[in-house]
Structure formats: structure tokens, C-alpha cells
Undergrad: 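Below you will find the structure I want to go over with you.
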2 protein chains.
Amino acid sequence: MNTVAPTPPELPPPLPEPAREELKLETVLAALADPLRLQIIQKLLLESEDYDHPCGWFGFDRPKSSLTHHFKALREAGLIRQRQYGLERRSRVRDEDLEQRFPGLLALVKSWRSPGA
Amino acid sequence: MNTVAPTPPELPPPLPEPAREELKLETVLAALADPLRLQIIQKLLLESEDYDHPCGWFGFDRPKSSLTHHFKALREAGLIRQRQYGLERRSRVRDEDLEQRFPGLLALVKSWRSPGA
DNA sequence: TGTTAAGTTCGATAAAACTCGTACAACGTC
DNA sequence: GACGTTGTACGAGTTTTATCGAACTTAACA
């Protein structure tokens with residue numbers, strides 16, 4: 001019986017991101033201080049169900065260039081990992097890395113009561 | 001036998017601050033995103049030993065007007081409580097309020113490894 | 001009363017950050 | 001190849017934030 005974990009089915013490589021050890025609390029907090037970005041992370045945490053999501057999935061009524069800006073900020077701060085699937089760039093929260101470095105932080109985001117709801 | 005808690009020995013009233021229920025995660029995170037302010041909170045958490053401290057106690061080599069700016073930012077975000085003692089304005093972390101609203105957040109600040117040390 | 005010390009307020013400057021339009025690149029499909 | 005779709009890159013305008021000097025306020029005290 002072979003108990004080796006199955007090889008993941010060829011994922012596209014992640015876009016450039018800081019390594020786990022490079023994550024800085026100041027930077028992570030600054031990234032989360034923006035309400036839209038907080039909302040992005042919260043939605044991913046609450047609704048993503050193990051799938052990565054392109055930024056259209058979020059349903060924000062904002063110009064695309066604004067969204068690019070915020071997703072990039074999140075990625076560069078180390079909050080999300082992004083992979084390119086054809087045209088789409090899908091995002092997921094780096095929950096393991098974040099929990100390891102900043103335990104409890106994501107729980108706070110999860111239970112955030114956003115002003116808009 | 002009287003088990004009533006002793007009346008605290010006449011503290012000066014706190015300067016204006018947001019009530020516990022008014023604390024906003026975005027605002028708190030933004031306040032903590034600045035390295036100097038993060039350092040202020042961390043130092044208070046690690047070394048204050050139940051005393052409030054005037055801003056000279058921190059030993060920052062910055063002009064007074066800069067310090068005023070940051071302490072005010074922390075107070076208005078709800079991170080510290082300040083009381084006036086004669087000429088001094090002493091600060092303490094609002095640990096109970098913060099722990100209640102954002103459990104685990106202060107632990108992250110406590111274990112922060114500041115870039116400068 | 002005059003001096004010192006802690007801290008504020010105001011104002012100017014400078015550096016970041018947010019917002020978004022326009023133009024562009026890449027991939028799929030007809 | 002032309003088109004629609006997803007998203008980026010660049011740049012400009014606007015707002016926020018940080019930094020700090022200078023003048024002021026207040027309390028303590030000799």
C-alpha cells in the first residue's frame with residue numbers, strides 16, 4: 001500500500017512573493033489597514049473553500065486598475081499567493097505562513113464586522 | 001467583613017478616547033502599522049509593570065512634536081489611555097479593551113521582533 | 001516672580017498611498 | 001486574424017500621513 005501523498009496536479013508557479021521568514025508585522029498590518037483589502041482577505045477566509053479565486057469573483061465595483069493595485073499590495077506584503085491560470089490570476093490566503101508567523105491574526109480578520117455589512 | 005473593592009486613589013481623568021465598542025479593527029491596525037508606534041506599544045507591554053509612563057520614559061531620539069503626533073494617533077485609535085499628572089501625560093495600553101475586542105492582537109505585538117533590535 | 005521642564009498647537013514641507021483613466025499584453029475562440 | 005476577456009503598467013491627480021521647527025501653555029518650584 002502506497003501512503004505517499006499524491007503529487008499536486010501541476011500548479012502554475014506562484015508569482016513573486018516574500019518568503020515566510022521575510023514577513024514583517026508592520027507590513028502585514030499596513031496591508032490589512034485598508035478596508036477593501038481587509039474585505040478581500042476576509043472573504044477569502046470565509047468563502048473560498050479551498051479554491052483560489054480570480055479578482056472578478058469578489059464582485060467589487062471598482063475599476064480594474066484599482067483592484068490590481070490592492071491585490072499586488074496584498075501579495076507583496078505576503079498575505080496572498082497568486083497563480084496565473086491562463087488569463088486569470090487566482091489568489092488564496094497564505095494561511096499556513098501567516099498562522100505560523102502571526103498566530104491569531106487571521107482569526108481577527110475572520111471575525112471582523114465590516115462597516116458595509 | 002467588607003469585601004468591596006477599594007476605591008482607586010483619585011486618578012486624573014483619561015483624555016478623550018473612543019469607547020471599547022467603538023474600536024475599529026482597520027483603525028487599530030493602521031495605528032500599529034507604524035514602526036515607532038508599534039515600538040511604543042511593545043515597550044509598554046513588556047516593561048510597564050503596572051505603571052503609566054510619560055513619553056520621556058521611552059527614550060526616543062525624536063522631537064517632541066513628533067512624539068505628540070504618534071501618541072495622539074495611538075490614543076485616538078484606542079490603543080492607549082492617557083492621563084495628565086501635573087506636567088506629564090502618562091500612557092498605558094488599553095489591554096482589557098483590546099483583548100476583549102481583538103483577542104490575541106497584543107500577543108502579536110508583544111512577540112514582535114523589531115528591526116532595530 | 002522668574003525659570004525650567006513636559007507637552008501642545010500650528011504651519012510648512014515632503015513622502016506615501018489611494019484612485020482611476022488609458023493604453024497595452026496575453027490567452028481563447030469563432 | 002479579429003474579437004472579447006482578464007489583468008498589467010504607467011502616469012496623473014488627490015488625499016493622507018509623517019516629520020519637525022517655532023511659538024505657546026501649563027505646572028512645579030526655588
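Numbered from 1 within each chain, the chains take letters A, B, ... in sequence-line order. Quick caveat: nothing in here was measured; it's all calculated off a predicted structure.
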Undergrad: For His69(B) and dA14(C), what is the distance between atoms NE2 and P respectively, to the nearest whole Å?
TA: 17 Å
Undergrad: Would you give the length of the straight line joining atom CZ of Phe60(B) to atom OG of Ser66(B), rounded to the nearest 0.5 angstrom?
TA: 12.0 Å
Undergrad: Measure from CD on Gln82(A) to C1' on dT6(D) and round the result to the nearest Å.
TA: 13 Å
Undergrad: Just checking, any donor-acceptor pair under 3.5 angstrom between side chains of Trp112(A) and Glu26(B)?
TA: yes
Undergrad: Check the pair Arg94(A), Leu23(A) against side chain to side chain contact (heavy atoms under 4.5 Å, CB included), reporting the backbone distance first and the verdict last.
TA: CA-CA 11 Å; Arg94(A) 292 176 61 179; Leu23(A) 301 185; 4.3 Å; yes
Undergrad: Phosphate oxygens OP1/OP2 of dC20(D): is one of them under 4.0 Å from a side-chain N or O of Ser66(B)?
TA: yes
Undergrad: Need to verify one output field. Residue with the more 5' nearest nucleotide on DNA chain C, Ala73(A) or Gly86(A)?
TA: Ala73(A)
Undergrad: How close or far is atom P of dC20(C) from atom NZ of Lys64(A), stated in whole angstroms?
TA: 15 Å
Undergrad: Taking OP1 and OP2 of dC18(C), is either one under 4.0 Å from a side-chain nitrogen or oxygen of Arg37(A)?
TA: yes
Undergrad: When Leu15(A) is tested against each of Gln82(A), Arg81(A), Arg83(A) for side-chain contact (heavy atoms from CB on, under 4.5 Å), which residue passes?
TA: Gln82(A)
Undergrad: Measure the distance from CG on Leu67(B) to P on dT17(D) and round it to the nearest whole Å.
TA: 19 Å
Undergrad: If you compare every side-chain N and O of His70(B) against the phosphate oxygens of dT17(D) (OP1, OP2), does one of them come in below 4.0 Å?
TA: no
Undergrad: Looking at Thr68(A) and dG7(D), is any side-chain donor or acceptor paired with a base atom of the opposite kind under 3.5 Å?
TA: no
Undergrad: Between dG21(C), dG7(C), dC18(C), which nucleotide has the shortest distance from any of its atoms to the side chain of Pro54(B)?
TA: dG7(C)
Undergrad: How many Å lie between CD on Gln84(A) and P on dT5(D), as a whole number?
TA: 18 Å
Undergrad: Is the shortest side-chain N to carboxylate O distance from Asp52(A) to Arg90(A) below 4.0 Å?
TA: no
Undergrad: Specify the separation, in whole Å, of atom CG of Leu87(B) and atom P of dA28(D).
TA: 7 Å
Undergrad: Within less than 4.0 Å of OP1 or OP2 of dT8(C), is there a side-chain N or O belonging to Arg89(B)?
TA: yes
Undergrad: Starting from C1' on dA26(C), measure out to CD on Glu88(A) and report it in whole angstrom.
TA: 13 Å
Undergrad: Please determine, for the side chain of Ser65(A), which listed nucleotide (dA9(D), dG7(D), dC20(D)) has the closest atom?
TA: dA9(D)
Undergrad: For Arg75(A) and dT8(D), give me the distance from atom CZ to atom C1', rounded to whole Å.
TA: 11 Å
